[in-house]
Protein chains: 2
Amino acid sequence: MRKSDIQTVRKLALFSDMSDECFETMLQGAFLQRFPSAVVLIGEGEPADFLHIVVDGCVELYATTNGRESTMAVVRPVATFILAAVLADAPYLMAARTIESSQILMIPAENLRDAMKNDAELTRAVVNELANSYRSVVKTLKNHKLRSGVERLANYLVSTHENQGANGRIYLPVEKKLLASMLGMTPENLSRAFATLKPYGVRVKGADIEISLIDDLRVLAKPNELIDNPRS
Amino acid sequence: MRKSDIQTVRKLALFSDMSDECFETMLQGAFLQRFPSAVVLIGEGEPADFLHIVVDGCVELYATTNGRESTMAVVRPVATFILAAVLADAPYLMAARTIESSQILMIPAENLRDAMKNDAELTRAVVNELANSYRSVVKTLKNHKLRSGVERLANYLVSTHENQGANGRIYLPVEKKLLASMLGMTPENLSRAFATLKPYGVRVKGADIEISLIDDLRVLAKPNELIDNPRS
DNA sequence: TTTGTAGCTTGACATTTATCAAGTGACTGA
DNA sequence: TCAGTCACTTGATAAATGTCAAGCTACAAA
């Protein structure tokens, strides 16, 4: 494992305050690996043996039942995923796969749990991370229970527009098929939702989206702090 | 605060392993209060000043946006709610109200956070509780993204049937209006969903439900361990 | 270049879900 | 006792969403 990669991980909020000693011990038996796109990293229902950290690339968390499949979240560097399963020592509730070539750090679950016993700062950070993960899923659930498909798309566009500099255009960071699944709709319906937003200044050219009437779009979207703001 | 109530709370998984000293210190400034039905205990977006524990009665967690409202969860004794907001020191993402006369223990957020600094067992229990809360919301989200309304109802009936002794009948513990909101549908639609399940041996008489063809119902519901099992 | 292949879009249609309106029955409070 | 309210149900209708099929485009492999 390269020193620069270790530095990157060390700076994660989850690990930044723990002691050097505990950090190094925890990384014993951890490994950093590069995977090509579309590789399934973990399967739904498997025992949680490793904490995973996306160091580079992009990972999709998804769930299936009865032949259906849905994207639950998309994880970008540098962030952990399936922390809760590791801590509860329970099976993964979501599967994970790379959606582009990705570098993944895998820390044995045992190591993390041991490190938490010896390092109060780590434990504090874990509590924080978990609490925020929980809040993030609650927001997603609110988004789905309280809004229609078009509204979810509109809010996604408004948020993304802000995150990307609010300059009247967006570049979609994921394929539309995946975006549709994130938003809980079919690809066909996403196309139609984009068409519905045309009168609100949304023009689609591949992954490039023009947002010319952001105020009108916001009136439709009615963004809500307690759903759309990742912080707070 | 009565001794018997303290005993009850003490036995909570969250507090059972902490030291007597920390437990008592934590309860300084805490108060146990009885509320009538339909009282709003906390509002969406308010700062998280207290950890709440349902000692008796029943509490609904719900969320609103843009005039719409949806039930996120129902909390029964003895359990905590909005732990994550308290730990993240962030505004409540969900509002809470009693749905029957209830006794609520409120522990100042500060006290909990202080107690965690001094009691490693409490911290461990908090991590566990948080991880399980997270997993619970993920299951709810999967339920909504992967199933239709009728399927959600069918699975609710199958689960409830097992929890209530699997003897061919169920007593609905909540009003149908609330059940509808929990399941993410309108009351009208819930009525129709029950009608749809008639050929699967579901007969409704008020809050009493007869489940005469549980095997057929299970074939329709296709229950999934990783959605419907509260444990694991 | 050709030929796939995959992502995306569009149309036609089916299904699911919501909305509006009306009516029933049970309980409550005057 | 009676009126009113509320939960619930049902029907009619509308809106949202999914499915199936076809076609288009861009990109990649042969």
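Computed over heavy atoms, backbone and side chain alike; hydrogens, waters and symmetry mates excluded. Each chain gets a letter, A, B and so on, in the order the sequences are listed, and its residues count up from 1.
In this structure, the side chain of Lys176(B) does not engage the main chain of Pro187(B) through any donor-acceptor pair within 3.5 Å.
Listed pair Asn189(A) / dG18(D) meets the phosphate criterion, a side-chain N or O lying under 4.0 Å from OP1 or OP2.
The interatomic distance linking Phe194(A) (CZ) with dG7(C) (C1') rounds to 14 Å, in whole Å. Atom CZ in Arg68(B) sits roughly 13 Å away from atom C1' in dA15(D) (whole-Å rounding). In this structure, the NZ atom of Lys177(A) is 4 Å from the P atom of dG7(C), given to the nearest Å. Between the P atom of dC8(D) and the CE atom of Met185(B) lies a distance of 14 Å, rounded to the nearest Å. The nearest whole Å value for the distance from the CG atom in Leu153(B) to the P atom in dT17(C) is 11 Å. In this structure, the NZ atom of Lys205(A) is 15 Å from the P atom of dA26(D), given to the nearest Å. Taking atom CG on Leu190(B) and atom C1' on dA7(D), their separation rounds to 12 Å, with Å as the unit. Distance Lys176(B) NZ to dG25(C) C1': 12 Å, rounded to the nearest Å.
Among Arg203(A), Lys198(A), Lys205(A), the single residue meeting the salt bridge (Lys or Arg N to Asp or Glu O under 4.0 Å) criterion with Glu210(A) is Lys205(A).
Residue-level contact check: Thr186(B) touches the bases, meaning some heavy atom is under 4.0 Å from a base atom.
Distance from the side chain of Glu188(A) is smallest for dA21(D) among the nucleotides dG7(C), dA21(D), dT17(D).
Taking 3.5 Å as the limit, the base of dG11(C) and the side chain of Arg192(A) contain a donor-acceptor pair of atoms between them.
The distance between the ring centers of Phe81(A) and Tyr92(A) does not fall below 6.0 angstrom.
Crowding of Arg169(B) atom CZ: a count of heavy atoms from other residues, nucleotides or ligands under 6.0 Å not exceeding 12.
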